[in-house]
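Below, chain A is the first sequence line, B the second, and so on; all start at residue 1. Bear in mind the structure is a predicted one, so any value in this text is a computation, not a measurement.
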Amino acid sequence: MPHGYITTAEQAGPYVAALAACPVLGVDIETTGLDAHRHRVRLLSVAAPDGRTAVFDLQTVPVAALALLSQVPWIAFNAQFEWRHLTHAGFKVPLLHDAMLMDRLISHQLRPLAAVAADVLGIALDKSLQRSDWAGPLSREQLDYAAADALAAVRIGSALLEQVNQHQQGRLYRLWRDAAAVLAELSLRGHCIDWDAHSILQAAWQSEADELQVQLKDAMSGVNLNSGPQIGAWLTQHLPESRIEIWPRTDSGRLKTDAETLALSADLPGAQQLLRYKTVTKLLGTYGNGYAKHRHPITDRLHPDFSIGFTRTGRIAASRPNTQNPPRQAAFRQLFVPSAGRVMIGADFSQIELRVAALLSRDRAMIRAYQQGRDLHRLTAAAIADVAPDAVTKEQRQAAKAVNFGNLYGQGAKGLARTAWTSYGVCMTEQEARQALTRFAKAYPALTVWKREQVKAAQDRGQVCTKLGLIRDFDVQGTGYLAGEAVNVPVQGSAAEIMLETLARLPQMLARTGATLSHSVHDEIVIEAEADDDEAAAALADAMRAGMRAVFPEAEALGLAGADLVDVKRGQNWAEVH
DNA sequence: GATCAACGCGCG
DNA sequence: AAAGCGCGCGTTGATC
């Protein structure tokens, strides 16, 4: 039950004064919808650690009357939501704790508020009013519900803040908390898209898809080209039984119909058109209409959600739409443009996961390569082919890239031979792949030992962790295959921590320049700035190197955080700065 | 009509 | 016995 339901600025005064004297406040909002640009914050519920609560009706209480509340830190649950809505409503959001992230780091799972409240506080939270009508007259039950969530947030947060430290997760928690605010800001600001060019591209894809469908009328009449099972049936009809018998199968036993497998039937009439059709319809669905339907009616931008703590490695995930996987083709990347009158600056971490692997394993050969500014792929190629680095051919270097990256993921000989061909255009027999892996292991002995230790940790202790201590649990009954994740989680996860450290310090480092974050994709950051802003470009590179040093302080002395760590480009759109 | 699993594919 | 990691999302087809 709320101790106060406040509907005027005059009423707010004493409550605000009393609450602002608390060391920390639980906050929760009720909104008329999920979209901060379109929907309104109806209620701001605030709870003190001692249990006093106040529910402010923002329909009538001006935000200015609540300014004092921003003098103390807040605790929310899934704080990005509060950050976006309250910032948009005109609040100066203070240091904002997120009890959801605290719980994620302690329980190793992302759980809804009710589940955490049950676990941590031993209380049952009734969430049935969550999606009730928050625009009209409010019932007593709705006010109680609103106050209860704020109270739960402050109680859970206060309890878990201590536990986070006890679990050695304080550092990582603060990083997630700070990065979350930056991502909330990015989501609220959104991506600027050249929609005219987008429609033209979409139309071009559409007409190509139509054309291909006509061309395939004869060869594949009656087959739904979007249906794997139907294409499988068509293959069964048109290929000799001997080939169907050895055709690769899906987990459920059906014929595989992905592009790589379909290449096996390149001789069939229509096969080429079918492959192209699949590509074009993917673009059309996911990046044509898939993007258009998220075009914001007010801002005319894309406003994806960026989540922290959702992934198993600590990477950021983007959704609705996922703007972390747009096609690389320039025709599409150039749709991402800066705001009017500004320019884009993009920078990516060079070979960040290989550098991380070098730092985690302390492999001297790898570290020396980066120290001396040498090309690690070339070095690996030399080791594999048993030639001098200078004698390495282009094709050998391509093969080495496949080996280097595959090794970060626990890839075997068969998989290496496959990806060498499909991703790097290099033909490698399984035998050659096996030898390459052996020679790689010999060339980087410390990395090999480290990888073995990770697998052992996964098997014996049931967990591995990243540099800053994010724990990945494994359900090990007997002998599951863990080589892949056991090695990859620390590598991918520590690289993600470098990105988060960079994002967390970016606003401050860009503040003087007026430049703003425009996008981030795992190892790449894009900002927009005033034209010809050298200072912004330098600040971006500085922030990225600082991010690296924050996670790996030793990187500096080892020569892995030098100027070649980041590659900065400037241009008028994402295609030009990528 | 809504929901879900399976599959395939875009990215790092 | 062998197995490359991490995501989000569109479509199909089965199910309730």
Student: Who passes ring-ring contact (aromatic ring centres under 6.0 Å, His included) against A:Trp234, sequence neighbours left out?
Tutor: A:His238
Student: Which pairs pass ring-ring contact (aromatic ring centres under 6.0 Å, His included) with one or both residues in residues 399-431 of chain A, sequence neighbours excluded?
Tutor: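 Non-adjacent pairs meeting ring-ring contact (aromatic ring centres under 6.0 Å, His included): A:His377-A:Phe405.
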Student: Which residues satisfy the ring-ring contact (aromatic ring centres under 6.0 Å, His included) test with A:Phe440, sequence neighbours excluded?
Tutor: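 Testing A:Phe440 for ring-ring contact (aromatic ring centres under 6.0 Å, His included), a comparison that skips the adjacent residues, returns A:Tyr444.
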Student: How is the base pairing of DNA chain C summarised as a dot-bracket string, given the Watson-Crick and G-U wobble criteria with both distances under 3.5 Å, [ ] for crossing and | for another strand?
Tutor: ....||||||||||||
Student: If you count the non-hydrogen atoms of other residues, nucleotides and ligands that lie under 6.0 Å from NZ in A:Lys127, is the total more than 12?
Tutor: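 For A:Lys127, atom NZ is crowded (more than 12 foreign heavy atoms under 6.0 Å).
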Student: Scan residues 206-226 of chain A against DNA chain C and write down, sorted by residue number, each residue with any heavy atom closer than 4.0 Å; if none is found, say none.
Tutor: A:Asn224, A:Asn226
Student: Report the residues that fulfil side-chain contact (heavy atoms from CB on, under 4.5 Å) with A:Asp35, sequence neighbours left out, ordered by chain and then residue number.
Tutor: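 By the side-chain contact (heavy atoms from CB on, under 4.5 Å) rule, A:Asp35 matches A:His37, A:Arg38, A:His39, A:His296.
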Student: OP1 or OP2 of C:dG13 versus the side-chain N and O atoms of A:Gln230: is any pair under 4.0 Å?
Tutor: yes
Student: Nearest-Å distance, CG (A:Leu284) to P (C:dC9)?
Tutor: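 Taking CG of A:Leu284 and P of C:dC9, I get 18 Å after rounding.
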Student: I'd like to check the side-chain contact (heavy atoms from CB on, under 4.5 Å) partners of A:Ser307; sequence neighbours left out, ordered by chain and number.
Tutor: A:Phe310, A:Ala317
Student: Counting primed atoms plus P, OP1 and OP2 as sugar-phosphate and everything else as base, spell out the protein contacts along nucleotides 6-12 of chain B at 4.0 Å heavy-atom distance: B, S or - for each nucleotide, 5' to 3'.
Tutor: SSBBBSB
Student: Specify the separation, in whole Å, of atom CG of A:Leu437 and atom P of C:dG4.
Tutor: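 To the nearest whole Å, that distance equals 11 Å.
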Student: Report the residues that fulfil side-chain contact (heavy atoms from CB on, under 4.5 Å) with A:Ala382, sequence neighbours left out, ordered by chain and then residue number.
Tutor: A:Pro389, A:Val392
Student: Grab the CZ-P distance between A:Arg312 and C:dC7 for me, whole Å please.
Tutor: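 Rounded to the whole Å, the gap is 5 Å.
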Student: Look at A:Arg418 and C:dG4 and indicate whether a side-chain polar atom (N or O) is within less than 4.0 Å of OP1 or OP2.
Tutor: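 So the side chain of A:Arg418 is within the cut-off, an N or O lying under 4.0 Å from OP1 or OP2 of C:dG4.
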Student: Name all residues meeting the salt bridge (charged side-chain N to carboxylate O under 4.0 Å, His left out) criterion together with A:Asp133; count only those two or more places apart in sequence or in a different chain, and write none if there are none.
Tutor: none
Student: Under 4.0 Å between a side-chain N or O of A:Ser227 and OP1 or OP2 of C:dG13?
Tutor: yes
Student: Rounded to whole Å, please give me the gap between CZ in A:Phe474 and C1' in C:dG6.
Tutor: 12 Å
Student: Determine which pairs satisfy salt bridge (Lys or Arg N to Asp or Glu O under 4.0 Å) with at least one residue from residues 268-287 of chain A, sequence neighbours left out, and list them in order.
Tutor: A:Glu208-A:Arg276
Student: Can any side-chain N or O of A:Asn573 pair as donor or acceptor with the backbone N or O of A:Phe336 at less than 3.5 Å?
Tutor: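 Flag not set: sc A:Asn573 to bb A:Phe336 has no pair under 3.5 Å.
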Student: Could you tell me whether the phosphate oxygens of C:dC9, OP1 or OP2, come under 4.0 Å of any side-chain nitrogen or oxygen in A:Arg320?
Tutor: no
Student: Pick base, sugar-phosphate or nothing for A:Ala496, based on heavy-atom distances below 4.0 Å to the nucleic acid.
Tutor: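 Answer is nothing: A:Ala496 stays at 4.0 Å or more from every strand.
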Student: Partners of A:Tyr173 by ring-ring contact (aromatic ring centres under 6.0 Å, His included), sequence neighbours excluded?
Tutor: A:His97
